[in-house]
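As structure tokens, the structure follows; a few thoughts come after it.
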Amino acid sequence: MRQSQLFMPTLREVPADADVKSHQLLLRAGFIRQNAAGIYSFLPLGKKVLHKVENIVREEMNRAGSQEMMMPALQLAELWQESGRWYSYGPELMRLKDRHERDFALGATHEEVITSIVRDEVKSYKKLPLNLYQIQTKFRDEKRPRFGLLRGREFIMKDAYSFHDKQESLDETYEAMKDAYSAIFSRCGLNFRAVLADSGAIGGKDNHEFMVLSEIGEDLIAYSTDSDFAANIEMAPVVLREDRSSENLMELKKVETKHAKTIEEVSDLLQVSPSKVIKSLLYIADEQPVLVLVRGDHEVNEIKLKNILSAKEVELATAEETKEWLNAEHGSIGPVHSSKEVKVIADQAVPYMVNAVCGANETGYHYTNVNPNRDFECNETADLRFVVEGDLSPDGKGTIVFAKGIEVGHVFKLGKVYSEPMKASYLDENGKNQIMSMGCYGIGVSRTLAAVAEENNDEKGLIWPLSLTPFDVHLIAVNSKNAEQAALSDELYTQFKNDGFDCLYDDRPERAGVKFTDSDLIGLPIRVMVGKRASEGIVEVKIRKSGESFEVPVSELSSFIKNEWDKLKN
Ligand code: 9G3
């Protein structure tokens with residue numbers, strides 16, 4: 001394409017309200033423009049990249065056996081009333097009325113729509129499993145849209161839904177989708193992890209988030225240095241290090257600790273390390289008091305606690321509740337001689353503590369030389385703490401490190417969360433009516449584009465991977481007023497097209513500096529400059545990613561470019 005024709009409004013200055021690199025650069029390089037908060041237009045360069053991301057998604061989803069379809073963005077309120085989500089979602093779900101005053105939702109996701117289609121059309125187990133996907137615009141009225149395309153209110157999602165008779169069939173499709181996602185994000189050149197995530201509100205069992213490791217990520221993940229283990233901080237299991245101390249058990253003692261309440265104050269006052277203090281926290285789980293014990297240098301993971309207690313509601317007891325149940329203030333409670341009515345659950349590391357300190361259930365007093373099993377019993381021990389950096393990886397390979405991540409994909413085993421209330425059933429091989437099981441699988445397509453931009457840039461601009469670049473080669477006539485340079489450039493433009501390269505030809509009557517600055521900004525992988533040495537049949541080739549440049553005779557240019565292209569590919 002001739003750049004003199006291309007609609008690519010670049011900006012010299014960094015836009016004021018763009019806080020991350022991808023947002024700044026996509027605006028400055030004329031890939032996107034904002035229409036309203038969280039609502040963007042894709043200009044020609046942005047659309048070309050978006051199209052390539054979508055095609056990679058399409059190829060891998062088709063390869064994995066999912067069938068592409070398209071559902072409407074306008075969704076009957078009745079469907080969301082059937083699933084109950086018309087009432088459970090707040091202002092984030094955009095709603096409108098048609099001319100007949102009928103209620104509609106603007107599609108934030110499509111579980112209800114797809115389930116209503118499948119329940120009407122699929123009646124026999126012979127038609128299962130079924131895996132359908134769409135690439136479509138979604139609407140979610142985010143309270144705080146931010147970071148450009150990374151968190152928008154209108155965005156492009158690939159959402160797939162699978163339907164099954166047996167659990168094994170769902171498990172199989174779930175793995176196939178995870179493999180397809182790994183292929184997609186690898187082809188986009190992203191450094192990602194499939195992260196075990198918390199089941200959260202939408203129920204179902206397993207689910208994994210696909211996280212791009214990024215400084216600006218909003219999620220914190222724990223991953224192994226030596227394997228592909230990765231988990232959301234909430235879900236990361238802790239491997240118990242049974243380092244039993246060789247100390248002799250000392251006699252239990254009660255000591256006055258006056259105003260020392262926090263772990264730090266108690267460990268300072270008694271001159272012991274926090275890892276020798278039993279942190280005792282009273283929780284109320286579904287109205288029942290539970291005394292939770294973790295080592296003083298660990299933190300209670302309330303998601304794990306809730307899952308272990310299979311409680312709907314778990315929260316720290318108030319000061320009054322603590323006093324009522326354990327006759328002492330927050331900082332002085334503990335498991336020794338605690339009220340029989342209060343269940344005690346301890347993190348798996350607590351039983352290995354020797355001669356520890358804990359509150360004496362008397363305000364201003366603590367016990368020292370506390371030894372689990374001798375001085376108190378726990379009803380239960382479990383993995384209750386947050387993982388920390390340096391912990392062993394649960395798969396036994398390497399240790400845990402933390403990183404921030406951008407969620408670009410999310411796969412769920414839904415089970416019957418939607419098919420039950422919406423009565424999506426089929427006749428099994430015995431002619432018995434059964435409810436289908438479902439899975440759902442999402443990719444933020446526009447968010448993926450932004451994540452690629454976020455992880456592939458330098459101080460001069462974007463650096464597109466070959467798989468997504470809007471054009472393959474940037475041909476620049478350094479001085480398009482110079483007849484020789486213009487003539488050779490026109491010739492090379494034709495040659496690149498014949499060689500199968502999608503070429504952007506900067507034929508604008510601009511100064512060389514402007515052309516090079518714009519070229520660095522939009523970030524095409526290979527640049528060919530036709531300048532002073534055109535008369536000698538020599539052009540300059542520059543590789544955007546490495547910054548390397550070469551003087552190449554025109555006669556060797558075609559093979560040189562193909563060679564550089566192949567080198568960049570691997
Ligand atoms: C809503 C609104 C926001 C939402 C949802 C519904 C997130 C909602 C979860 C999912 C689950 C999967 C299919 C593709 C993969 C993800 N935000 N979720 O259901 F009404 Cl306003 O979307 N859906």
Side-chain angles (χ1 to χ4, degrees), residues 38-39 54 57 61 64 66 68-96 103-118 130-145 150-163 170 173-174 177-178 180-181 184-185 194-195 197-211 218-219 232 406-419 421-422 424 437-448:
I39 300 171
E54 290 173 354
V57 169
M61 289 301 290
S66 190
E68 186 168 10
M69 64 181 289
M70 175 64 93
M71 287 179 267
L74 284 172
Q75 304 185 7
L76 276 174
E78 285 82 345
L79 286 180
W80 286 67
Q81 287 155 1
E82 273 190 65
S83 70
R85 296 210 291 180
W86 182 258
Y87 312 104
S88 57
Y89 271 91
E92 197 188 347
L93 177 63
M94 302 191 83
R95 306 160 198 248
L96 70 156
D103 285 320
F104 286 83
L106 256 188
T109 182
H110 283 68
E111 281 83 1
E112 285 80 358
V113 177
I114 191 69
T115 305
S116 69
I117 295 169
V118 170
L130 183 58
N131 187 339
L132 299 160
Y133 77 94
Q134 64 175 350
I135 298 176
Q136 202 243 26
T137 304
K138 292 285 184 291
F139 302 86
R140 293 178 183 178
D141 199 355
E142 294 281 347
K143 196 168 183 184
R144 264 185 309 284
L150 286 172
R151 181 173 291 281
R153 294 195 292 167
E154 176 176 341
F155 54 95
I156 315 276
M157 184 199 276
K158 182 284 302 175
D159 45 323
Y161 305 86
S162 64
F163 297 83
L170 169 55
T173 296
Y174 186 82
M177 289 290 96
K178 281 175 69 185
Y181 277 42
I184 289 163
F185 296 123
V195 172
D198 172 41
S199 54
I202 69 161
K205 242 178 353 42
D206 284 350
N207 71 92
H208 284 78
E209 290 162 334
F210 281 75
M211 294 282 188
E218 291 182 340
D219 298 271
N232 222 320
I406 301 171
E407 180 190 333
V408 288
H410 202 155
V411 290
F412 297 83
K413 287 182 187 171
L414 286 174
K416 300 174 177 169
V417 166
Y418 293 96
S419 45
M422 298 185 73
S437 289
M438 288 172 65
C440 67
Y441 321 91
I443 287 180
V445 172
S446 41
R447 180 180 281 184
T448 296

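Note that this is a predicted model, so its numbers are computed, not measured. Every number for a ligand or one of its atoms is a count from 1 in the order of the listing.
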Practice prompt. First locate atom CG of Asn131, then atom CZ of Phe163, and finally report the distance between them rounded to the nearest 0.5 Å.
Written response: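 Going from CG on Asn131 over to CZ on Phe163, the span is 9.5 Å.
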Item to complete: Look up atom CD in Gln75 and atom CZ in Arg95, then write down how far apart they are to the nearest 0.5 Å.
Response: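 Answer for the CD-CZ pair, Gln75 versus Arg95, is 11.5 Å.
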Practice prompt. Quick one: do Tyr441 and Lys158 satisfy side chain to side chain contact (heavy atoms under 4.5 Å, CB included)? Show the steps, please.
Written response: CA-CA 8 Å; Tyr441 321 91; Lys158 182 284 302 175; 3.9 Å; yes
Discussion item. Using only atom types and a distance under 3.5 Å, with no angle test, would you say the side chain of Ser83 pairs donor to acceptor with the backbone of Trp80?
Written reply: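 Yes, because the side chain of Ser83 sits within donor-acceptor range (under 3.5 Å) of the backbone of Trp80.
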Discussion item. Between Ser446 and Ile156 (side chain of the first, backbone of the second, donor and acceptor by atom type, cut-off under 3.5 Å), is there such a pair?
Written reply: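 Side chain of Ser446 to backbone of Ile156: a pair is present.
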Worksheet item: For ligand 1, is there an atom lying under 4.0 Å from some heavy atom of Phe139?
Response: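 It does not; every heavy atom stays at 4.0 Å or beyond.
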Atoms of ligand 1, numbered as shown, that sit under 4.0 Å from any heavy atom of [X]:
| X | value |
| --- | --- |
| Trp80 | 20 (F) |
| Gly442 | 14 (C), 15 (C) |
| Tyr161 | 13 (C) |
| Cys440 | 12 (C) |
| Ala108 | 1 (C), 2 (C), 20 (F), 21 (Cl) |

[X] contact mode with ligand 1 (heavy-atom cut-off under 4.0 Å):
| X | value |
| --- | --- |
| Leu93 | both |
| Trp86 | neither |
| Met94 | neither |
| Arg140 | side chain |
| His110 | neither |
| Tyr441 | backbone |

Discussion item. Measuring from atom 5 (C) of ligand 1, which candidate in Tyr89, Tyr133, Phe412, Tyr418 has the nearest non-hydrogen atom?
Written reply: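 The option holding the nearest heavy atom is Tyr89.
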Worksheet item: Are any of the side-chain nitrogens in Glu112 or Arg85 under 4.0 Å away from the carboxylate oxygens of its partner?
Response: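 A salt bridge links Glu112 with Arg85.
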Worksheet item: Can we say Glu142 and Arg151 salt-bridge, meaning some charged N sits less than 4.0 Å from an Asp/Glu carboxylate O?
Response: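 Counted as a salt bridge, because a side-chain N and a carboxylate O are separated by less than 4.0 Å.
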Worksheet item: Would Glu154 and Arg140 satisfy side chain to side chain contact (heavy atoms under 4.5 Å, CB included), going step by step from the backbone distance to the final call?
Response: CA-CA 7 Å; Glu154 176 176 341; Arg140 293 178 183 178; over 6 Å; no
Discussion item. The test is ring pair (Phe, Tyr, Trp, His ring centres under 6.0 Å); show your working for Phe412 and His410 and say whether it passes.
Written reply: CA-CA 7 Å; Phe412 297 83; His410 202 155; 3.9 Å; yes
N or O pair under 3.5 Å between [X] and ligand 1:
| X | result |
| --- | --- |
| Arg85 | yes |
| Glu92 | no |
| Asp159 | no |

Worksheet item: Judged by modelled atom types alone, do Asn232 and Glu209 share a side-chain donor-acceptor pair under 3.5 Å?
Response: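 Per modelled atom types, Asn232 and Glu209 side chains form a pair under 3.5 Å.
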